[in-house]
Structures are given as C-alpha cells and as structure tokens.
Amino acid sequence: MTTAPPFANEPVLELRRAPVRARLADVLRDHDGRGPLAVPVWVGADQRTGDALVSTDPGAPERVVARAAAATQADVDAALDAAAAGHRDWGRRPAAERAAVLMRAAAWLREHRLEVAALEVRECAKPWPEADGDVCEAIDFLEYYSRGAVALEAGADLLQLPGERNTLSYRPRGVVAVISPWNFPVAIPCGMVAAGLATGNAVVLKPAEQAPGCAYVLVRALREAGVPADALALLPGEGEVGVALVRDPRVHTIAFTGSSQVGQEIVRTAAETPPEQAHLKRVIAEMGGKNCVIVDADADLDEVVPALVQSAFLYAGQKCSAAARVLCHEAVHDGLVERLGGAVEVLAVGQAERLDIDVPAVIERSAQERVARYAGEAERTGRLAATARSVPDGGWFATPALAVDLPPDSPVLHEEIFGPLLAVQRVRDVEDACDQVDASPFGLTGGLFARNPDTVDYVVDRSPVGNLYVNRAITGAMVGRQPFGGNRLSGTGTKAGGPGYLLQFVEARVVTENTMRHGLVV
Ligand SMILES: NC(=O)c1ccc[n+]([C@@H]2O[C@H](COP(=O)([O-])OP(=O)(O)OC[C@H]3O[C@@H](n4cnc5c(N)ncnc54)[C@H](O)[C@@H]3O)[C@@H](O)[C@H]2O)c1
C-alpha cells in the first residue's frame with residue numbers, strides 16, 4: 001500500500017469514439033438477454049432471494065430489471081449481530097490490508113464497468129455518459145478512501161515535552177448503517193460503504209428501493225474482493241428498513257444520503273439514547289437543496305446558457321447538485337429567458353440508452369406526477385416560457401420546462417422539485433440575489449456567472465452553500481477535486497470525497513504516558 005501511486009480520478013469512457021459506442025450496444029444486448037437480476041437479502045453467508053421489490057426501467061416500466069427480497073426485522077437483527085461481531089476482526093486489521101481489499105473491489109468495478117453502467121442505464125434511466133461517470137466515481141471513492149484511511153492510521157503529530165509521550169490515534173467506531181438514494185445508484189452507496197470499511201467498521205447497507213440491483217453489484221464487488229461476510233451486509237427494502245437501522249442501539253454511525261425530510265427525521269431519531277445504548281450515534285446526512293445560480297449583468301450568455309442547460313436538465317434534473325433556480329440581473333433577464341427558452345424547446349427527451357438524448361425519463365411515476373404538479377403551479381401563478389417540444393409516451397417522462405414571472409413566495413422557487421423544471425427569477429442586482437439565496441434554508445450547491453472579480457469575491461463571501469461554482473456548470477463534482485456536501489438543511493457539513501470525511505467514521509483516542517520511569521518491573 002505504501003507503494004500505491006497518488007490518487008487520480010478514473011478516466012471516463014471516450015464516447016466520441018465509434019468502437020466504444022458500439023461496445024455499449026453489445027453490452028446492453030447481453031444485459032437484456034440475461035433477464036431480471038435476483039437481488040438477495042445478504043447477511044453473512046446467507047442469501048435469501050424474493051420478489052417483494054421489483055425494480056423496473058423508468059423509460060419502459062414494463063421491463064423488469066431486478067427482483068429483490070425485502071429485509072425483515074429478523075434480517076436487520078441478524079445483520080447487526082453479524083456486524084457487531086464482525087467489526088472487531090476487520091477493525092483490527094492494518095489499514096493497508098483493508099485498503100488492498102477495497103482496491104481489489106475498485107479493480108472489479110473497472111473490469112465490469114460496462115456491465116455495471118448498463119445496469120444503471122436500465123434500472124435508473126441513467127444515460128450512458130452519466131452511468132459511466134457514476135461507475136468511475138465509485139472507483140474513485142474506493143481508491144481515495146483507501147489511501148485516506150492509511151494516512152489516518154498514522155495518527156497526528158502532537159506537542160511532546162520531556163518525560164511525556166502523547167499519541168493520538170483513530171479507531172473505528174463499530175457498526176455503520178448506510179442508507180442510500182437511487183440517483184447515483186453505485187457511487188453514493190459505494191462512497192459511504194467504502195469510508196466505513198476503509199476505517200475498520202462493519203457496514204450494513206440499506207439501498208434505495210428503486211435501485212436494489214445496482215447496490216447488489218456493489219456488494220458483490222466488495223465481497224468478491226475479500227471483505228469478510230460479517231463486515232458487510234445488504235438489506236434491500238423500503239424506508240422502514242432504514243427506520244429500524246436508525247433506531248437500533250447496535251448502530252454507532254449512520255451515513256445517509258437522501259431527501260432533507262428523511263435526513264432530518266434520522267437526525268432526530270438518532271439523537272435518542274435508549275438505556276441499552278452506551279454511545280451517542282453519529283449521523284452523516286447529505287441531503288437535498290434548491291440550488292440557485294446568480295447571473296450578473298456582465299455575464300457572457302454564450303457561456304451561461306449551455307452551462308445552465310447542462311446543470312438543470314442533465315439526468316432530468318435529478319442530481320442533488322442540479323440547478324433549480326436562476327436569479328438573473330434585470331438588465332439581462334429577458335435576453336437570458338429567450339435564449340434559455342430556445343434551448344429548452346429543442347431538448348431531446350428519450351430513452352437513456354440512446355446517445356443522442358439530453359433528458360431521460362424520471363425515476364418513477366410519482367416523480368413524473370410531482371414535476372407535472374409544480375409545472376401546473378408555475379403555469380397558474382406565473383408562466384412557462386418554454387417546454388420541450390417532443391416528449392415520448394410510455395415511460396416516466398417529465399416535460400422539461402422553464403418557469404418565469406413567479407410570485408416571490410412560489411413553491412416552485414423554494415422547494416426541491418428534483419426534475420427537469422428550471423425557474424428563472426428577475427433580481428435588482430447581485431446583492432438582491434445574495435439576500436434571496438441567504439433566505440433559503442438550503443445550502444447545497446450554487447453558481448455564479450459574473451466577469452467582475454470584485455463581484456466574484458462578494459458572492460463567494462456571502463454564499464452559504466457547500467459547493468459554489470463560478471462561471472461553469474454546477475454539477476459534476478469530482479472526488480479529491482471538489483469535495484462535496486451541503487450546509488444548512490442540506491447536510492451535516494461533511495464533504496464526501498474530501499480530506500476530512502473519514503474522521504466521521506472513527507473516534508479519536510489520545511494516550512499520555514509518563515516516560516520518567518523509576519526502575520523497571522520485571
Ligand atoms: N447532498 C447529497 O450529496 C445528495 C446526493 C444525492 C441525492 N440527494 C438527495 O436525495 C434525494 C433523492 O433521493 P431519494 O428519493 O432516494 O431520497 P429519500 O430520502 O426518499 O430516500 C433515501 C433513502 O432513505 C430511505 N428512507 C426513506 N424513509 C426513511 C426513514 N424514515 N428512515 C430511514 N431511511 C428512510 C429510502 O428507502 C432510501 O434508501 C433528493 O432530495 C436529493 O437532493 C442528496
């Protein structure tokens with residue numbers, strides 16, 4: 001491990017090359033030929049399959065992608081008993097040994113990257129470039145946290161005085177419950193699981209009910225790479241499996257990514273300390289937002305329009321970092337709306353497997369209905385300046401739309417919609433825009449387009465968000481380059497893929513020894 005090369009991001013596929021694109025079609029054909037994936041509840045060596053959860057292709061819901069068993073309370077108990085025992089051996093291993101296992105899992109994903117991406121295309125309607133990016137990010141998390149855990153094991157330097165030896169070391173906390181969303185169906189669970197395992201904890205994974213197949217593939221990669229059976233369990237299921245884990249006194253750490261509402265409920269529940277629980281639970285919660293982009297009067301609209309389209313509509317606006325609300329200087333508002341409107345009208349909406357689409361289906365029927373509800377609200381109280389001209393029938397397709405002239409208290413401006421609906425709002429100036437951003441309870445990502453460096457400094461200073469992007473798209477954070485995570489009600493402030501993240505999964509111990517010995521006892 002000491003010889004591991006410095007961390008570098010996994011290169012994405014070169015989709016501009018025809019032979020690469022041709023391979024994707026072959027891989028997808030093979031994937032479809034294999035039929036639905038059977039996803040087990042996987043605890044220790046036991047695998048129990050079932051069909052309580054059926055995941056389907058959002059673009060063609062009649063296509064079943066995976067059938068999963070759903071974990072019961074007995075499964076939760078078995079997984080936590082196994083983890084409570086399993087973390088001891090795994091946690092005692094040197095970090096370098098654990099890192100070697102996780103790097104083998106990264107190698108497994110590298111070797112199977114096209115098949116894993118194909119599963120994402122089908123199970124979550126991730127377009128190929130996004131699906132490939134997700135697999136690369138999962139590999140990045142494994143590689144990055146492996147190295148980080150080895151560095152953490154070395155402890156930290158403390159001040160030493162004569163006759164005194166002070167040491168600081170970090171120990172695993174014990175059992176980590178990982179509760180993940182569907183929108184980065186391999187990378188996000190992988191990041192949280194890898195952080196827990198790299199630092200010597202046992203992990204119980206409760207993946208999103210919409211994407212059990214992707215989680216299963218991740219757990220296979222880790223188990224086949226050598227993660228012991230009692231250090232990693234897979235518990236597919238609905239939210240109640242998450243509730244059971246969050247309440248359980250055997251859990252030390254909860255790593256959650258998902259909606260703000262669920263995250264807040266987890267924070268509240270986890271604060272309780274029943275009599276049989278001799279520790280405080282730690283919660284890492286990465287949650288939703290309402291991501292604002294400020295456009296100043298001097299912004300270059302040639303740059304702004306494509307960056308906003310990319311930020312708001314790629315993966316149908318279902319990235320937690322997606323642009324949802326534009327606060328545009330009144331001097332350029334009408335020009336921006338006209339140009340953005342033109343771009344929205346011609347967005348290509350279609351099946352995720354096609355390389356010529358911009359916007360795939362949203363994840364499920366309720367998401368489609370939610371987007372339509374907010375679009376209706378925008379039409380009633382403001383105006384839809386543009387909608388995509390052509391939207392296919394059949395799948396859970398939501399119509400990409402641009403909403404303008406909304407009243408200041410419109411829910412379209414303030415609530416997370418998580419779909420392809422972008423609202424543009426006229427502001428007096430950048431100060432007005434910053435006041436409005438500051439009034440939001442969310443603080444995940446944000447953006448600014450401005451050419452004056454003083455304006456950039458001003459907005460950087462006033463911006464409450466966890467990740468601010470200046471003069472570029474606001475999605476696509478890379479491990480090690482843009483550590484990612486929100487503030488306020490968007491998150492507990494930890495930064496996935498950044499230097500401090502692993503500290504959430506360990507507890508610090510300081511030992512101070514008097515070294516002025518008065519003779520030795522033999
Ligand atoms: N900040 C980030 O890094 C980030 C990244 C991705 C997604 N998100 C957010 O995630 C949301 C979309 O994902 P989603 O729809 O899967 O979110 P969600 O909150 O509905 O579900 C997330 C996970 O929590 C589980 N769950 C549901 N209710 C629970 C409860 N009461 N207790 C414990 N677990 C419970 C679900 O089964 C799922 O596994 C959006 O709000 C998005 O912004 C945030």
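Counting starts at 1 for both ligands and their atoms, in listed order.
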Do Tyr374 and Glu415 get their side chains close enough for a donor-acceptor pair, meaning under 3.5 Å?
yes
Salt bridge (Lys or Arg N to Asp or Glu O under 4.0 Å) between Glu143 and Arg147, intermediate numbers included
CA-CA 6 Å; Glu143 295 278 349; Arg147 288 167 174 78; 2.7 Å; yes
Give a yes or no answer on whether the side chain of Ser321 reaches the backbone of Thr475 with a donor-acceptor pair at less than 3.5 Å.
no
At a 4.0 angstrom heavy-atom cut-off, ligand 1 is contacted by Ile179, Ser180, Pro181, Trp182, Asn183, Ile188, Lys206, Pro207, Ala208, Glu209, Glu238, Gly239, Gly242, Val243, Phe256, Thr257, Gly258, Ser259, Val262, Glu265, Ile266, Glu286, Met287, Gly288, Cys320, Glu416, Phe418, Leu444, Phe484
Could Lys319 and Phe184 be counted as a cation-pi pair, given that NZ or CZ must be under 6.0 Å from the ring centre and within 45° of the axis?
no
Only residue of Leu53, Ile363, Asn183, Thr56 satisfying side chain to side chain contact (heavy atoms under 4.5 Å, CB included) with Gln210 is Ile363
Under a plain distance cut-off of 3.5 Å, with no hydrogens placed, do Arg282 and Gln504 share a side-chain donor-acceptor pair?
no
